[in-house]
There are 2 protein chains.
Amino acid sequence: MSEAIRELLKKNHMSVTDSRLQILDLFYHAPGALAHADIEKKASDKIDRVTIYRTLQTFEEKGIIHTIPSSDNSVKYALCKDQCAAGHHHDNHVHFVCDNCSKTICLDDVLVPEVKLPGGFEPHQSNMVVNGLCNECRS
Amino acid sequence: MSEAIRELLKKNHMSVTDSRLQILDLFYHAPGALAHADIEKKASDKIDRVTIYRTLQTFEEKGIIHTIPSSDNSVKYALCKDQCAAGHHHDNHVHFVCDNCSKTICLDDVLVPEVKLPGGFEPHQSNMVVNGLCNECRS
DNA sequence: ATAAAATTTGCAACATAATTGCAAAATTGT
DNA sequence: ACAATTTTGCAATTATGTTGCAAATTTTAT
Ligand SMILES: [Mn+2]
Ligand SMILES: [Mn+2]
Ligand SMILES: [Zn+2]
Ligand SMILES: [Zn+2]
């Protein structure tokens, strides 16, 4: 189990360290996406803020996690599923943010639809975030 | 010209003050969306940081400007087109962020497409941001 | 036009978030 | 077990955002 996490680090040519194992473990068990602050709180064995910043940045560069944009200066991060490699993300799925519980969820099966842009614009990557009530909060 | 801006403030029941006129003027002449920092720099007659924060918040509440989400903790703002009223925005258009010049542009004519969500999710609002090369940077 | 009332502004103080350099600690390869 | 490399934590610094309050400005009433 924790073995899978070690492998992920190895596969991406990263040293396996306590902080990284711990942070990855948080992502694997989290109900939704995590913000820097969430990690700072949840990390059992306290990790320095700076280390968290650097770890998130490295994970993002290696294609292990991706960022989820927000309108309130609170970027969140979530695990990439598969084909994301260093420098080349392919997370073209929709994200959902619950207005009630404020959980942020990757809708891995809902792909971001293509849109026709005005002439001259060349699209590289699209992000779509839907706000509303999540499946749990609507019950 | 500046008269139109005064009218906009009046129409929204706001006192017309120097700061507000100046900031609105910036938006009307800007090539793209503006971040708080942009306004702080561009304001000819220096406006206090706090006033900028408060002005942006008020404009947003009144439906004069809307926020554009980002993946790097730097929300931008742009003018609303029309039917946005206090507390009820209707800016359901796509936004474009240029990877080269990093301009952020409202594609007012490109509507955010609907997506079918998994059962139980109730959508309220959608945002879509496309990255790539803008019309100017591709030439 | 003037004065009173209401709103907005700027300053100071504070709080939180993010970045950088560097030495100590941990990890990796031999 | 050792040397080389990488990562971590701390301190210092900078950037970003919030709040209370008195002074200034704008609006409304006279
Ligand atoms: Mn995702
Ligand atoms: Mn817009
Ligand atoms: Zn919810
Ligand atoms: Zn461009």
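Throughout, protein chains are lettered first and strands after them, A, B, ... in sequence-line order, and every chain is numbered starting at 1.
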Compare side-chain N and O positions of Asn73(B) against OP1 and OP2 of dA18(C) and report whether any pair is under 4.0 Å apart. yes
Within this structure, what is the NE2-to-P distance between His13(A) and dT5(D), rounded to whole angstrom? 18 Å
Whole angstroms only, please: what is the OH-C1' distance between Tyr53(B) and dA15(D)? 9 Å
State, with a plain yes or no, whether a side-chain heavy atom of His95(B) is found less than 4.5 Å away from one of Met128(B). no
Taking dG9(D), dG20(D), dT26(D) as options, the one with an atom nearest any side-chain atom of Ser15(B) is dT26(D)
Under 6.0 Å between ring centres, would you say that holds for His66(A) and Tyr77(A)? no
Donor-acceptor pair present, Arg54(B) side chain and dG10(C) base, under 3.5 Å: yes
Could you pick out which residue, Val50(A) or Thr55(A), lies toward the 5' side of DNA chain D when each is mapped onto its nearest nucleotide? Thr55(A)
Nearest whole angstrom, please: distance from the P of dT19(C) to the CG of Asp72(B). 10 Å
Quick one: label Arg20(B) by what it contacts on the DNA or RNA (base, sugar-phosphate, nothing), any heavy atom closer than 4.0 Å. sugar-phosphate
Atom-pair distance (CZ on Phe59(A); P on dT7(D)), nearest Å: 11 Å
Would you check, one step at a time, whether the test salt bridge (charged side-chain N to carboxylate O under 4.0 Å, His left out) holds for Lys103(B) with Glu136(B)? CA-CA 10 Å; Lys103(B) 230 190 317 183; Glu136(B) 293 186 1; 3.4 Å; yes
Measure from CD1 on Ile23(A) to P on dT8(D) and round the result to the nearest Å. 8 Å
Is it the case that the base of dG17(D) and the side chain of Arg49(B) share a donor-acceptor contact (distance under 3.5 Å, atom types as modelled)? yes
How long is the line joining CE of Met14(A) and P of dT7(D), in whole Å? 7 Å
Starting at atom CD1 of Ile52(A), determine the distance to atom P of dA17(C), rounded to an integer number of angstrom. 12 Å
Could you check how far NZ of Lys62(B) sits from P of dT7(C), rounded to whole Å? 11 Å
From the set dT19(C), dT8(D), dT8(C), return the single nucleotide nearest to any side-chain atom of Thr17(B). dT8(C)
side-chain contact (heavy atoms from CB on, under 4.5 Å) partner of Leu34(B), the single match among Leu26(B), Leu79(B), Ile23(B): Leu26(B)
Per the side-chain hydrogen bond (donor to acceptor under 3.5 Å, both in side chains) rule, which among Glu61(A), Arg54(A), Glu60(A) passes with Gln57(A)? Glu61(A)
